[in-house]
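Just below is one structure, and these are the notes that go with it.
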Amino acid sequence: MTKDPDRAPVEGDLVAPLDLGEARALTAEIREAIKAVRTATGRLAAAVRRAHEARVWVVLGYPTWKAYARAEFGIGRSHAYRLVDQARTAEQLGDALVELGLMSPAGDDVLTDLSGRAWREIQGRVRDVAALVADRAAAFGSAPDVEQLRGLVVQAVEDVRAEAIPAGPGRAPAAPADDLDAFAHWQGSIALGHAPAHLTDDEVLAALDLAGYDTVTRRAYAMAVRAFALDGDREQLQAFRAALDVPEQGEHGYGREVVVVGRELAERLQLSCWQQGTLYLEIAPARLSDRAAARRLAAAFREDPRSFETTERIEVRRYAMTGDYQAYEEWENRALPVGA
């Protein structure tokens, strides 16, 4: 194919017609530019996340994160939080691939081919991506090289995005040392998986409702722990624990004091379940199927894999993976005899 100097220009022409070699060269240039932009965006997202976690707006004298982002970078709060979300998800996927022995801690530029939209759509689903990559890497017979691994990651991400798998917690960010605060931080990371940081409060409530937080109290708690995981903001969490949303003297004797005791008991029961579940996950990692996990747990505790005890451990382990305590309670109600 060659240029036709006599061809009349048409609407949309930006340059003179190109021959085949020039067209291929230009396409390669565009592809490299896209890769450079995605790589730079990844570095930007990581830097913005560090700034957010270090609360640099306080150090620099800004009243809020929003004011800092607008004044320093000319971007809005939602854009800044999308970058924070992207960096968090990239870290989670990188950690999962390192844990599986597929990627070095240095990263080797394996995660540079994903768009911002792709990162947003796999939030809370990195375990699914990592599991797909691991399954397909096993078919190579030997460890895939960087280029092969990059291709496996891109394909796994596309497959997970297409399947519309419900969001899960992924890997929870580093949490405070106190047990209840650590638990609340983990719960908040799950809520963030359902309702990312860039959403407005109204959008968050709608997303939480769709995710199964089906009562006002559950949504209030999810909002509180989400704020705690996001900014370290204890105000909403402390208000929830103190039942400030409840009158001092409610109807039928269920005033604030009673509700405070009930909420504390419920939180500690869930904390205990979570702690057991994390122990079971150390024995039977999340990448294992329920059947494989049951065999491993049964061996560890010297039980029959089909026993009630092992089944209960599988349900507790599932709670530590998904954060869905309501599903655990429903299983418990079905499994335990009345009055047990």
Do you reckon L271 sits in the same ILVMFWY cluster as V260, going by side-chain contacts under 4.5 Å, direct or chained? no
Residues R127 and D95 bridged, charged N to O under 4.0 Å: no
The single option from R318, R313, E315 passing side-chain hydrogen bond (donor to acceptor under 3.5 Å, both in side chains) against Y280: R313
Heavy-atom distance under 4.5 Å between the side chains of T217 and R263, does that happen here? yes
Compare every heavy atom of A87 with every heavy atom of A45, then report the nearest pair and how far apart it is. O-CB, 3.4 Å
Are D201 and M223 packed together at the side-chain level, in the sense that at least one heavy-atom pair is separated by less than 4.5 angstrom? yes
Whether the side chain of T278 engages the backbone of Q275 through a donor-acceptor N/O pair (distance < 3.5 Å, no angle test) should be reported. yes
Would you please test Y62 and E72 for side-chain contact (heavy atoms from CB on, under 4.5 Å) and show each step? CA-CA 10 Å; Y62 289 99; E72 295 290 342; 2.6 Å; yes
Taking every heavy atom of V316 against every heavy atom of C273, the minimum-distance pair comes out as CG1-O, 3.3 Å
CG on L114 to CG on L93, rounded to 0.5 Å: 7.5 Å
Is there a donor-acceptor pair closer than 3.5 Å between any side-chain N or O of T310 and the backbone N or O of D304? yes
Gap between atom CZ of R31 and atom CG of L26 - 0.5 Å precision: 10.5 Å
R296 side chain near P285 side chain, heavy-atom distance below 4.5 Å: yes
Indicate the atoms forming the closest heavy-atom contact of A80 with A69, along with that distance. CB-CB, 4.1 Å
Using distance alone, with no hydrogens and no angle criterion, decide if Y319 and Q276 have a side-chain donor and acceptor under 3.5 Å apart. no
Between R125 and D128, does any side-chain N to carboxylate O distance fall below 4.0 Å? no
The reported gap from CD1 in I283 to CG in L288 (rounded to nearest 0.5 angstrom) is 11.5 Å
Under 6.0 Å between ring centres, would you say that holds for F73 and Y68? yes
Close side-chain approach of L205 and Y213, heavy atoms under 4.5 Å: no
Is it true that R219 and D214 make a salt bridge, defined as a side-chain N closer than 4.0 Å to a carboxylate O? no
Regarding R150 and E147, does a basic nitrogen lie under 4.0 Å from an acidic carboxylate oxygen? yes
side-chain contact (heavy atoms from CB on, under 4.5 Å) assessment of D290 paired with R317: CA-CA 9 Å; D290 283 354; R317 170 181 174 270; 3.6 Å; yes
Can R82 and D85 be said to form a salt bridge (charged side-chain N to carboxylate O under 4.0 Å, His left out), step by step? CA-CA 5 Å; R82 279 196 292 271; D85 289 339; over 6 Å; no
Exam field: side chain S272 to backbone R268, donor-acceptor pair closer than 3.5 Å: no
One should read off an interatomic distance between L192 CG and H185 NE2, to the nearest 0.5 angstrom, of 9.0 Å
Check whether L269 and I190 end up in the same hydrophobic cluster, where Ile, Leu, Val, Met, Phe, Trp and Tyr are linked by side-chain heavy atoms less than 4.5 Å apart. yes
If we only count heavy atoms from C-beta on, is the V98 to S104 side-chain gap below 4.5 Å? no
Assess, by modelled atom type and distance only, whether the side chains of R218 and Q326 contain a donor and an acceptor separated by less than 3.5 Å. yes
Under 4.5 Å between any side-chain heavy atoms of F228 and D181, yes or no? yes
Is there side-chain contact between L237 and Y221, with at least one heavy-atom pair below 4.5 Å? yes
So W65 and W57, would you call those rings parallel, tilted or perpendicular, with 30° and 60° as cut-offs? perpendicular
Checking N333 against E329: is there a side-chain donor and acceptor pair closer than 3.5 Å? no
Presence of salt bridge, E53 and R49, under 4.0 angstrom: yes
Please report the interatomic distance OH(Y325) to CD(Q187), rounded to the nearest 0.5 Å. 10.5 Å
Okay, side chain of R226, backbone of S189: is any donor-acceptor separation there less than 3.5 Å? no
Linked, directly or transitively: V37 and V153 (ILVMFWY side chains, under 4.5 Å): no
Does T200 offer a backbone N or O that forms a donor-acceptor pair with the side chain of E203 under 3.5 Å? yes
Examine V259 and V261 and state if one hydrophobic cluster contains both, with Ile, Leu, Val, Met, Phe, Trp and Tyr joined whenever side-chain heavy atoms are less than 4.5 Å apart. no
Check whether any side-chain heavy atom of I314 sits under 4.5 Å from a side-chain heavy atom of W331, and report yes or no. no
Set out, in order, the CA-CA distance, both residues' side-chain angles and the distance that settles side-chain contact (heavy atoms from CB on, under 4.5 Å) for R70 and K66, then state yes or no. CA-CA 6 Å; R70 177 64 67 188; K66 176 181 177 180; 5.6 Å; no
Residues Y328 and Q270: side-chain donor-acceptor under 3.5 angstrom: no
Tell me whether E235 at atom CD has more than 12 heavy atoms from other residues, nucleotides or ligands lying less than 6.0 Å away. no
Is it true that L210 and L208 fall in one hydrophobic cluster, defined by side-chain heavy atoms closer than 4.5 Å? no
Spacing of CG belonging to L149 relative to CG belonging to L97, to within rounding of 0.5 Å: 6.0 Å
Before accepting this row, confirm whether a basic side-chain N of the pair R136/D159 lies closer than 4.0 Å to the acidic partner's carboxylate O. yes
